[in-house]
Amino acid sequence: MVKILIPTPLRPYTDKQDAVDASGATVGELLADLTRRHAGLKPHLYNEQGKLRSFVNVYVNDEDIRYLQKEQTPVTADDTVSIIPSVAGGAPSVTDVVSGVSRTLPELTNDEIKRYSRHLIMPEVGVEGQRKLKAAKVLCIGAGGLGSPVAMYLTAAGVGTLGIVDFDVVDFSNLQRQILHGTPDVGRSKLASAKDRLQALNPNVDVVAHETAISSENALKLFEPYDVIVDGTDNFPTRYLVNDASVLTGKPNAYGSIFRFEGQASVFATKDGPCYRCLYPEPPPPGLVPSCAEGGVLGVLPGIIGVIQATETIKLILGVGEPLIGRFLIVDALRMRFRELKLRKDPDCPVCGTHPTVTQLIDYEQFCGVRPAAPEPITVNSATEITSVELKQRLDRGDKLKIVDVREPNEYQINRIPGSELIPLGDVPKRVNELNPDDEIVVHCKTGGRSAKAADFLRSVGFKKVLNLKGGVLDWIDKVDPTQPKY
Amino acid sequence: MRVTVRLFARLRDITGASELARDLAPGATIGTVWRQLAGEFPALADYERSISSAVNADYARMDHVLHDGDEVAFLPPVSGG
């Protein structure tokens, strides 16, 4: 016989007993025997089709059977089985996918029933599922490329509360992919723009704007009220921060990331699933992996990946299907191939492993080797840098300067400094003999980062007079030649 | 023995190929293939500590021993959003 703990609302059907015995080798058999002994329980545990009601949660020794073998989970006389409250105040409640907190499901209004009718007629969603969506709180980090489709589809689907974290302003270069924002929104805060768009889409959704940069100081507090976190950030420090905060708060993270034609998606930080650090324990050194601003991205790609993140979020809320837990999806849009990598929780993972070493949020800028802006020593060495205005003055004066543009050919086609020669950064070492070490050389790129590396390299091989153009070609256009386009 | 190597994102740009075949001595690990490729394409070397790897679509570490016909994948992290 196995002991089953009965919650208060169900005790009227077990002669007021808080624990009863039943027999069976699996949870399914045990519950069948339980309802034979206490027939009044049956309609509360099973639906008309004889399936366990989705808001009935069964635990074997504190483990949710959904994470074990569901109703096939074996049980022995040593186990204690608990049925977690399924009825509260007369209204059905759902055991939250994340925290195990019961929440009363809100009713749908007639307008909502009309709006969500295509959901309501599907068995996987239905009225109960739609009410779960209405009860759910999702936090989307970023209102950019990934955040746009995520926020729009979750809003359209009727997620009750959608928090969005961002602090950026809409730029023309965002519009190629960030479909939350339109041309008239350029210059507005992304959150103000997002809120207008989402409220027009579905006024039933409570859109909560968190106009702040997510940080180690605020992340845990920010995550607290939410059920699912959606990672739509665009840099490594924030990705590691979102991962660690998801693990520490026990919230699943619907992850997505993009680069040019390739995207990745997974669900991290669930109770028994792996986290981002199980896959990538260490961040890449700064500058090694280009961001979208540096490397570019196909405009529709965040659409594909963001919609996958939104789908996974909805599945987690509904508790249906097979989530992307322990599976890492790689999308190659150029070849249109979807590949999947099996992932396991790493017992040695510093955050979610058996002996975690990271038990609170750390300094992620430092972890990722990104120098924080503030402590940067003010060593603007006049001998190593030149401003756009100075460069213009010297060119006008007739000084002999060799201008080397270390950007990629595609960038050189958009704009350039007259008289400059293109040698992409990666080609500088092998084409260095095209340059004269005695010449005064000005190197530049888009904003000054890549050209600083080129300048370092040239100096290391004996070039004496190398100046890096501060702020790159963008600064040149701002200060000297506003007729050229910027990107 | 012969293995297929799949490369993603930036690694594909560096090698100019999404799929390569390599012959290896018995007992070779994922690390062996990686070092061989990094020898051929020195720009790969910088990625060593930040990539993840898989064998036959199953996440695996660098010391994983390979067998004839295995498919090895190397994935750099990407951060765009």
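Per chain, numbering begins at 1; letters A, B, ... match sequence-line order. These numbers come from the heavy atoms of this one structure, side chains and all, not from hydrogens, waters or symmetry mates. The shown structure was predicted, so the numbers you read here are calculated from the model rather than taken from an experiment.
Scanning all heavy atoms of the two residues, the minimum distance from I258(A) to G81(B) falls at CG1-N, 3.7 Å. The minimum heavy-atom distance linking A9(B) with F259(A) is given by the pair CB-CD2, 4.0 Å. The two residues I51(B) and Y280(A) come nearest to each other via the heavy atoms C-CE2, 3.9 Å. Y59(B) approaches R344(A) most closely through the heavy-atom pair O-NH1, 4.4 Å.
V289(A) is not listed as a side-chain neighbour of S50(B), based on a closest heavy-atom distance of 4.5 Å or more. With contacts defined as side-chain heavy-atom distances shorter than 4.5 Å, the pair P77(B)/R239(A) does not qualify. The closest side-chain heavy-atom distance from L75(B) to E262(A) is not below 4.5 Å.
Using a 4.5 Å cut-off between heavy atoms, S18(B) contacts chain A through its side chain alone, with no backbone atom that close. For Y255(A), the part lying under 4.5 angstrom from a heavy atom of chain B is the side chain only. At a 4.5 Å heavy-atom cutoff, R177(A) makes no contact with chain B through either its backbone or its side chain. When heavy atoms are compared at a cutoff of 4.5 Å, P283(A) approaches chain B solely by way of its backbone atoms N, CA, C and O. When heavy atoms are compared at a cutoff of 4.5 Å, N56(B) does not approach chain A at all. For F261(A), no part sits under 4.5 Å from any heavy atom of chain B, backbone or side chain. With a 4.5 Å cut-off on non-hydrogen atoms, Q264(A) touches chain B through its side chain but not through its backbone.
To the nearest 0.5 angstrom, R12(B) atom CZ is 4.5 Å from D332(A) atom CG. From R61(B), atom CZ reaches atom CG of D348(A) across 6.5 Å, with rounding to the nearest 0.5 Å.
The environment of CZ in R337(A) is sparse: at most 12 heavy-atom neighbours from other residues, nucleotides or ligands sit within 6.0 Å. Taking a 6.0 Å sphere around OH of Y153(A), one finds it holds 12 or fewer heavy atoms contributed by other residues, nucleotides or ligands. Shown here is R431(A), whose CZ atom has more than 12 heavy atoms of other residues, nucleotides or ligands within 6.0 Å. Other residues, nucleotides and ligands place more than 12 heavy atoms under 6.0 Å from the CD atom of E40(B).
Of the listed residues D231(A), L301(A), T233(A), the one with more heavy-atom pairs under 4.5 angstrom with chain B than any other is T233(A). Between chain B and the options K342(A), Q178(A), E282(A), heavy-atom pairs under 4.5 Å are most frequent for K342(A). Ranked by non-hydrogen atom pairs under 4.5 Å with chain B, the options R260(A), R339(A), E340(A) are led by R339(A). Taking chain A as the reference chain and counting heavy-atom pairs below 4.5 Å, the highest number among A60(B), S52(B), G80(B) is found for G80(B). Contact tally against chain B (heavy-atom pairs below 4.5 Å) for P285(A), G256(A), P290(A): the top residue is P290(A). With chain B as partner, the option from L288(A), L341(A), L343(A) having the largest number of non-hydrogen pairs under 4.5 angstrom is L288(A).
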